[in-house]
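Since the structure comes first, as structure tokens, the remarks are kept for the end.
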Number of protein chains: 2
Amino acid sequence: MVEESSRIAGPELRADARRNRGRILVAAREVFAEHGIDAPMATVARRAGVGVATLYRRFPTRDALVRAAFAQQAETCGRALTEALADPDPWRGFQRLVETVCELQREEQGFPAAFVAAFPDSAAEHAQARERAERDLMTLVRRAQTAGALRADFHPSDLAVALLAHCGLVTALPHDGAASRRLVAYLLQSFRAEAAHGALPPPSALSLGGLPLAADGSQRQRPSRA
Amino acid sequence: MVEESSRIAGPELRADARRNRGRILVAAREVFAEHGIDAPMATVARRAGVGVATLYRRFPTRDALVRAAFAQQAETCGRALTEALADPDPWRGFQRLVETVCELQREEQGFPAAFVAAFPDSAAEHAQARERAERDLMTLVRRAQTAGALRADFHPSDLAVALLAHCGLVTALPHDGAASRRLVAYLLQSFRAEAAHGALPPPSALSLGGLPLAADGSQRQRPSRA
DNA sequence: GTCCAAACGGACGGTGTCGTCCGGTTAAGA
DNA sequence: TCTTAACCGGACGACACCGTCCGTTTGGAC
């Protein structure tokens, strides 16, 4: 992904501003991972060693900060997807993708929530990247199914379901790597063609690719207030 | 479960007080399901048609309210467990239990979070009920394994892992029943003995029964503030 | 009907976060 | 070195929720 300023043909931040921007992003990742996605902005600012004003100047909304902070992780996901497609073994590629993303969720505990929170309305900005991811993912799934490794009734949205469930697990148990790994192992085994025993209920209507959400992105549980 | 007042040999609430207590519980369930477990107390009070003071008088802490509001659901879980043990088919009993609890999580969206939030320190109050649940659960698992239906490497904590993951899913997608049902179907299939292909990573150290948490119950992600 | 303790509810002070404003500071070009 | 525009950060007002206080109402016993 290109440097942001050059994309917008921006006015080239001054040296100190650029330095502070970097510090803020680092601090944001740390704080979000430690205290959750909606830790006070002031905490991030303090950790970064800057004032709140500086933070708000650079990232007008919490959402903007979250998105920027986890852009790197999103890129990692994209790369994992590419690598998965490059794997000559279709199943191994699929498996590695799931494991990599879940590992990322496990390590950066802020990431899963960010993943869910950041994507619903990022359509405009990352449209083409998202679209491409969606296409690649579809290819990966089809390929693994054709090879007879991934069960035929696997629906691409199932990946989103699995990732969201795993996200919920690591959010509830931030320090239990064993639980996370267990869940991933179970899910992967149930995705294998040999595991297909009974019929599955109809798949979700979730859009995949950039990942969720359901039709109304605003309807998430936690953040809503009366 | 016995009526609370009689358990504590309480001073018998006055008629209006009892009526209001009931209204509060109903309102709490509705509000928690709609706005999440940490909706403002005032919202609950307003919905119940009482003042905040009345609410606080009856339930001094949010935790007390949550616990009381979902006691009924907890009881339903206990009953489901008993029924599961009564089922002559060990696997069907196990399967029904999982499906019932997950259905409850799906319907009462506040419930899963309450489940997680309420149990860490309820040791004293529900100790014996919890202990019994734990024992029954163990029996259910062993029985299904002995029958050759449930995979041998299934660990009781896996149930907690699965329920927490499902909890996370329905929290993220409150209105997507299809996603929930899909996840449950996948998980159940992967728990079947025939699905055991590769080895699983070591199980989590989660305590089961009354359900989680990890050692430090306070370490949950969302509620924590700086 | 009378009385009182229990219950009620609105109002209020306290706390924590948000996001902006403004006077001081500094990078960088002339 | 000097100038200036960009940048910085602490302070501040707005807001939401919390939990308590207190004057008023009401159930129910006599």
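These numbers come from a predicted model, not from an experiment. Hydrogens, waters and symmetry mates are skipped; everything else that's a heavy atom, side chains included, is used. Here is how names work: the chains are called A, B, and so on, in the same order as the sequence lines, proteins then strands, and each is numbered from 1.
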D:dG19 P sits how many Å from B:Leu65 CG, rounded?
12 Å
For atom CZ of A:Phe59 and atom P of D:dC8, their distance in whole Å
11 Å
What pairs with B:Glu83 under side-chain hydrogen bond (donor to acceptor under 3.5 Å, both in side chains), at least two apart in sequence or on another chain?
none
Applying side-chain contact (heavy atoms from CB on, under 4.5 Å), name anything that partners B:Ala28, two or more places apart in sequence or on another chain.
B:Phe32, B:Val44, B:Leu65, B:Ala69
Is the B:Phe154-B:Phe94 ring centre distance short of 6.0 angstrom?
yes
Can you find a side chain N or O atom of B:Thr54 that sits less than 4.0 Å from OP1 or OP2 on C:dA7?
no
Whole-Å distance separating the CG atom of A:Asp63 from the P atom of C:dC18
14 Å
For A:Ser204, the side-chain hydrogen bond (donor to acceptor under 3.5 Å, both in side chains) test, sequence neighbours excluded, returns B:Asp176
Does a nitrogen or oxygen in the side chain of A:Asn20 sit under 4.0 Å from OP1 or OP2 of D:dC7?
no
Atom pairs under 3.5 Å: protein N/O with N/O of nucleotides 20-22 of chain D:
none

Separation of atom CZ in B:Arg46 from atom P in C:dG10, rounded to whole Å
11 Å
How close or far is atom P of C:dA6 from atom CZ of B:Arg58, stated in whole angstroms?
12 Å
Nearest-Å distance for atom pair CZ/C1', residues A:Arg18 and C:dA28
14 Å
Can you list everything that forms a side-chain hydrogen bond (donor to acceptor under 3.5 Å, both in side chains) with A:Ser180? Sequence neighbours excluded, please.
A:Arg106, A:His166
Among residues two or more places apart or on two chains, list those pairs meeting side chain to side chain donor-acceptor pair (under 3.5 Å) that have a residue in residues 22-32 of chain A.
A:Glu30-A:Arg47
Out of C:dC8, D:dC8, C:dC18, whichever nucleotide has its closest atom nearest the side chain of A:Arg62
C:dC18
Whole angstrom is fine here: how far is it from CE in B:Met41 over to C1' in C:dT15?
17 Å
With sequence neighbours left out, write down each residue that passes side-chain hydrogen bond (donor to acceptor under 3.5 Å, both in side chains) with A:Gln189, or none if nothing qualifies.
B:Arg151
Quick one: what's the B/S/- string for nucleotides 25-30 of chain D, heavy-atom cutoff under 4.0 Å, read 5' to 3'?
-BSS--
Salt bridge (charged side-chain N to carboxylate O under 4.0 Å, His left out) pairs, two or more places apart, involving residues 157-169 of chain A
A:Asp158-B:Arg182
What is the separation between atom CG on B:Asp38 and atom P on D:dA16, rounded to the nearest whole Å?
17 Å
Would you check, one step at a time, whether the test salt bridge (charged side-chain N to carboxylate O under 4.0 Å, His left out) holds for B:Arg181 with B:Glu99?
CA-CA 9 Å; B:Arg181 276 182 285 268; B:Glu99 285 172 349; over 6 Å; no
